[in-house]
Amino acid sequence: AKISVIGAGFVGSTTVQRLAELEPGEIVMTDIVEGLPQGKALDLMQAGAINGYDTRVTGTNDYADIADSDLVIITAGIARKPGMSREDLIKTNSKIIGEVAKNVAKYAPDSIVINVTNPLDIITYVALKSTGFEPKKVFGMSGILDAGRFASFIAEELKCSKKDIEAMVIGGHGDLMVPLPQYTTVSGIPLPELLPEKTIDRLVERTVNGGAEIVELLKQGSAFYAPSAAIVRMAEAVLKNSKRILPASAYLEGQYGQKGIYFGVPVKLGANGVEEILELKLEENQCEILRKSAETIRRGISQLEI
Ligand code: NAI
C-alpha cells in the first residue's frame, strides 16, 4: 500500500516511524517547511537499517508525490499551547486543511482519509467538504486516544496490566467527550464492578483533561506518542481490512439523534473506511453531554469559511 502523511511535525513523524516499523508498503511524508520531511525521511530510512525494516520512506514539499495513495493521514497545522482549547485552533487549521484536502482529492482521489488535526471533529468536517469524498472514506482519530488515556488511568488505579482493559470513549474530542464506564471492561468485567463510582468519576475527569494535562507539562507542543499509536491502530484496520470495532469521529446521518456533523462513535473500520456506525444505549446524563457536545461542534462548523 502507499500511505501519505501530511504534516511532518511531532504527530506526523512519530506516526511515520511507527508505520515504517510495520512494513506496510511505501510511505510519503509531506510538510510546508522545506527540508523537514526530507530530513526526517532520510533519518527514518537509516533507522530501518538498524531496526530491521525495508519500508521506503520519502519526504517532499510537493503534493504531486502523494499520487495514488491508498491512505492519507492528515496531521498538518498548529497544536495547542497552554491555556488554549482545541477550538482556538479553528481558523488557522481549517484554512490549512481546506488546502490540504483539495490536494488530496486532486492527487489521491481513491484514498481513505484519517484526519488528526484539531479541533478534530470540526476539521474532519472541513476535510470531508474540501475533498468531496464519500463520508465513510473520511474520518477522524479521537476516541482511541481518549480511551487509551482512560485505560491507562484505570490500570494505574487497579494496579493491573493495561493489556486487559478495553475502554470506550465517545462524543466530541474536547471537554465534552463522554467516557463510558458501563462499556469499559477489564478482561470482560465491567468497570463499575471493580471501582466505586466516585473513583470512576475522578478517572473520567482526568481523561477529559488528559490532553490539557500534557500540554501544561510540556509548555510547548502537545501529545504525540499516544496519538500516533492511536493513528496506527486505525491505519492498520484500514490496510488489513480487519473490520475492527473502534471509536472514531464519523459523519453522522441520524445516528445518536445527530445529522451532518462528526463526532466520536464506535465504528467498524475496514478497507472502505467506516463500514458501520454502532449505536449504544446510553444513560440520560451521557445523552445530555452528547447533545451539548454536538451543539459545540455545530457552532464551530458555523464559523467556518468553506
Ligand atoms: P506540530 O507543530 O509538531 O506539526 C505540525 C506540522 O504541520 C508542522 O511541521 C508544520 O510545518 C506543518 N504544516 C503547517 N501548515 C502546513 C501546510 N499548509 N501544509 C503542510 N504542512 C503544514 O504539531 P503536532 O504536535 O504534530 O500536531 C499536529 C496536529 O494534530 C495539531 O492540530 C494537534 O492539535 C493535532 N493533534 C490531534 C490529536 C487527536 O487526538 N486528534 C492528538 C494530538 C495532536
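Counting starts at 1 for both ligands and their atoms, in listed order. The first residue of the sequence shown is numbered 1, and numbering continues consecutively from there.
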[atom] [closest protein heavy-atom partner, distance rounded to 0.1 Å]:
{"atom": "atom 20 (C) of ligand 1", "answer": "I32 N, 3.5 Å"}
{"atom": "atom 11 (O) of ligand 1", "answer": "D31 OD1, 2.7 Å"}
{"atom": "atom 31 (C) of ligand 1", "answer": "I78 O, 3.2 Å"}
{"atom": "atom 23 (O) of ligand 1", "answer": "A79 CB, 4.0 Å"}
{"atom": "atom 37 (C) of ligand 1", "answer": "V116 O, 2.9 Å"}
{"atom": "atom 36 (N) of ligand 1", "answer": "N118 ND2, 3.4 Å"}
{"atom": "atom 3 (O) of ligand 1", "answer": "F10 N, 2.9 Å"}
{"atom": "atom 27 (O) of ligand 1", "answer": "V11 CG2, 3.7 Å"}

List every atom of ligand 1 that sits less than 4.0 Å from any heavy atom of [X], numbering the atoms from 1 in the order shown and giving each element.
{"X": "L145", "answer": "40 (O), 42 (C)"}
{"X": "A223", "answer": "43 (C)"}
{"X": "L120", "answer": "41 (N)"}
{"X": "Y63", "answer": "19 (N)"}
{"X": "T75", "answer": "5 (C), 28 (C), 29 (C)"}
{"X": "N93", "answer": "32 (O)"}
{"X": "V33", "answer": "11 (O)"}
{"X": "I96", "answer": "15 (N), 16 (C), 17 (C), 18 (N)"}

> What is the minimum heavy-atom distance between I90 and G300, and which atoms define it?
Replying inline: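 I90 and G300 have their closest heavy atoms at CD1-CA, 3.9 Å.
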> A271 and N241: which non-hydrogen atoms are nearest, and at how many Å?
Replying inline: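 It is N-OD1, 2.8 Å.
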Under a 4.0 Å heavy-atom limit, does [X] contact ligand 1 with its side chain, its backbone, both, or neither?
{"X": "T30", "answer": "neither"}
{"X": "R86", "answer": "neither"}
{"X": "A230", "answer": "neither"}
{"X": "P227", "answer": "side chain"}

>> Between ligand 1 and Y225, can you find any atom pair, the residue atom being a heavy atom, that is separated by under 4.0 Å?
In response: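 Heavy atoms of Y225 never come under 4.0 Å of ligand 1.
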>> Would E99 count as a contact residue for ligand 1, given that I'm defining contact as a non-hydrogen atom of the residue lying under 4.0 Å from a ligand atom?
In response: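 In this structure, E99 fails to qualify as a contact of ligand 1 - no heavy atom is under 4.0 Å.
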Any side-chain to backbone donor/acceptor pair from [X] onto [Y]? Under 3.5 Å, distance only.
{"X": "T75", "Y": "G7", "result": "yes"}
{"X": "Q286", "Y": "E283", "result": "yes"}
{"X": "R18", "Y": "Y225", "result": "yes"}
{"X": "N61", "Y": "D31", "result": "yes"}

Under 4.0 Å between a Lys/Arg side-chain N and an Asp/Glu carboxylate O for [X] and [Y]?
{"X": "R298", "Y": "E295", "result": "no"}
{"X": "E275", "Y": "K243", "result": "yes"}
{"X": "R149", "Y": "E213", "result": "no"}
{"X": "E284", "Y": "R291", "result": "yes"}

>> Looking only at the aromatic ring of each residue, does the gap between the centers of Y63 and Y107 stay below 6.0 angstrom?
In response: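 Between Y107 and Y63, the centre distance exceeds or equals 6.0 Å.
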> Do the side chains of L120 and I301 join up, straight or via other hydrophobic residues, at under 4.5 Å, putting them in one cluster?
Replying inline: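 Different hydrophobic clusters.
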>> Could you check whether Q258 and E253, counting side-chain N and O atoms only, form a donor-acceptor pair closer than 3.5 Å?
In response: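 On atom types as modelled, these side chains do not qualify, holding no pair under 3.5 Å.
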> If we only count N/O pairs under 3.5 Å, is M141 in contact with ligand 1?
Replying inline: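 Yes, there is a polar N/O contact under 3.5 Å.
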>> Going by side-chain hydrogen bond (donor to acceptor under 3.5 Å, both in side chains), H173 matches just one of T124, D146, D121. Which one?
In response: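 Only match with H173 under side-chain hydrogen bond (donor to acceptor under 3.5 Å, both in side chains): D146.
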> Taking atom 2 (O) of ligand 1 as the point of reference, which of G12, G221, G77 owns the nearest heavy atom?
Replying inline: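 Answer by nearest heavy atom: G77.
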